[in-house]
Amino acid sequence: MPSEQPPTIMSTDQTPDEQKNINVCKQYMSIAYNPKENKGASSVQHLCHPDAWFWSPSTFPGCTTPMDYAASHSHVMASVNDLHIVRYDQAWAKDGHVLLRYTAEGNFKGEPYMGIEANGNHARWNAAAIFEVEEGKIRSFTKDWDQKVMQIQLGWAPVKESENPRWNLEALRHPEEAREKKE
């Protein structure tokens, strides 16, 4: 595991086994979200059961295993080549299940993405990774992520200007500032 893991903001007391499960999942994420270490499926295979499954049909269609996800994610990181996890907003485990809700960010400075040339745009977003761990290896991984914010921030999704904050380009590019204006 890399020497420096992103900080965890909120957690609970964990048993030693629960903490081991969290550590396995964070190790998986540290590889899957590292443009230098993620070389595709083989990069994370040692952390997963051979028959492990993955579920996130709306954001990663066609991916059925955690290894497929790592392979698919390596293509995104070719375009966002400094992509990284900023922090774990929440991290906890119970009875073989692990939740990692996290904030990630990166800049579109790498290879073209789906025919779109790199523009240097910055994106920051949140997602949740829900794992099942058995005997020290990942049995399942469910990802919950609204990719719209990231895609708009990077310039990958067209948006017509709108006053509605759900479709306002500046509000989507800078969600924290938009939130502060509302409060």
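The structure presented is a predicted model; accordingly, all values stated were derived computationally and were not measured.
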Side chain of Gln14, backbone of Ala93: donor and acceptor closer than 3.5 Å?
yes
Geometric class of the Phe131/Phe141 ring pair [parallel <30°, tilted 30-60°, perpendicular >60°]:
parallel
Please report the interatomic distance CG(Asn34) to CE(Met77), rounded to the nearest 0.5 Å.
7.0 Å
Do Val80 and Met150 come within less than 4.5 Å of each other through their side chains, counting heavy atoms only?
no
List the atom of Cys63, the atom of Ser72, and the distance in Å for their closest heavy-atom pair.
SG-CB, 3.7 Å
Test item: Val44 and Met67 side chains (from C-beta on) under 4.5 Å apart, heavy atoms
yes
For Phe108, enumerate each residue passing the ring pair (Phe, Tyr, Trp, His ring centres under 6.0 Å) test, keeping only those at least two apart in sequence or located in another chain.
Trp156
Could you state whether Phe60 and Trp125 fall into the same hydrophobic cluster, counting links through intermediate Ile, Leu, Val, Met, Phe, Trp or Tyr residues with side-chain heavy atoms under 4.5 angstrom apart?
yes
Hey, is the main chain of Pro66 close enough, under 3.5 Å, to the side chain of Tyr28 for a donor-acceptor pair?
yes
Testing the 3.5 Å rule here: is there a donor-acceptor pair between the side chains of Thr12 and Lys94?
no
Is it the case that the side chain of Asn38 and the backbone of Ser43 share a donor-acceptor pair, with hydrogens and angles ignored and the cut-off at 3.5 Å?
no
If you group Ile, Leu, Val, Met, Phe, Trp and Tyr by side-chain heavy-atom gaps below 4.5 Å, do Ile31 and Ile130 land in one group?
no
Side-chain heavy atoms under 4.5 angstrom apart, residues restricted to Ile, Leu, Val, Met, Phe, Trp, Tyr: same cluster for Trp145 and Tyr33?
yes
Between Asp82 (side chain) and Asn107 (backbone), is there a donor-acceptor pair under 3.5 Å?
yes
Could you state whether Leu99 and Val133 fall into the same hydrophobic cluster, counting links through intermediate Ile, Leu, Val, Met, Phe, Trp or Tyr residues with side-chain heavy atoms under 4.5 angstrom apart?
no
Name the orientation class of the two ring planes belonging to Tyr102 and Tyr88 (parallel below 30°, tilted from 30 to 60°, perpendicular beyond 60°).
perpendicular
Checking Asn23 against Gln27: is there a side-chain donor and acceptor pair closer than 3.5 Å?
no
Tyr69 side chain near Ser56 side chain, heavy-atom distance below 4.5 Å
no
Is Trp92 reachable from Ile138 through a run of hydrophobic residues whose side-chain heavy atoms are each under 4.5 Å from the next?
no
Calculate, to the nearest 0.5 Å, the distance between atoms CZ and CD1 belonging to Arg101 and Ile9 respectively.
11.5 Å
Would you mind writing out the side-chain donor-acceptor pairs for residues 45-54 within the sub-3.5 Å range, not counting sequence neighbours?
{"from": "His49", "atom 1": "ND1", "to": "Arg139", "atom 2": "NH2", "distance (Å)": "3.4"}
{"from": "His49", "atom 1": "NE2", "to": "Glu134", "atom 2": "O", "distance (Å)": "2.8"}
{"from": "Asp51", "atom 1": "OD1", "to": "Arg139", "atom 2": "NH1", "distance (Å)": "2.3"}
{"from": "Asp51", "atom 1": "OD2", "to": "Arg139", "atom 2": "NH1", "distance (Å)": "3.3"}

Heavy-atom side-chain proximity of Lys137 to Val24 below 4.5 angstrom
no
Please determine whether the number of non-hydrogen atoms from other residues, nucleotides or ligands lying under 6.0 Å from atom NZ of Lys39 exceeds 12.
yes
Measure across Leu100 and Ala91 and return the closest heavy-atom pair with its distance rounded to 0.1 Å.
CD2-CB, 3.7 Å
Within this structure, what is the CD1-CG distance for the pair Ile116 and Leu154, rounded to the nearest 0.5 Å?
9.5 Å
With rounding to the nearest 0.5 Å, note down the distance linking CG in Asp144 to OG1 in Thr59.
8.0 Å
Flag side-chain contact, heavy atom, 4.5 Å: Asn121 against Gln153
no
Interatomic spacing from CE in Met114 to OG in Ser79 - rounded to 0.5 Å:
10.0 Å
If you round to the nearest 0.5 Å, how far is CE of Met10 from CZ of Arg87?
10.5 Å
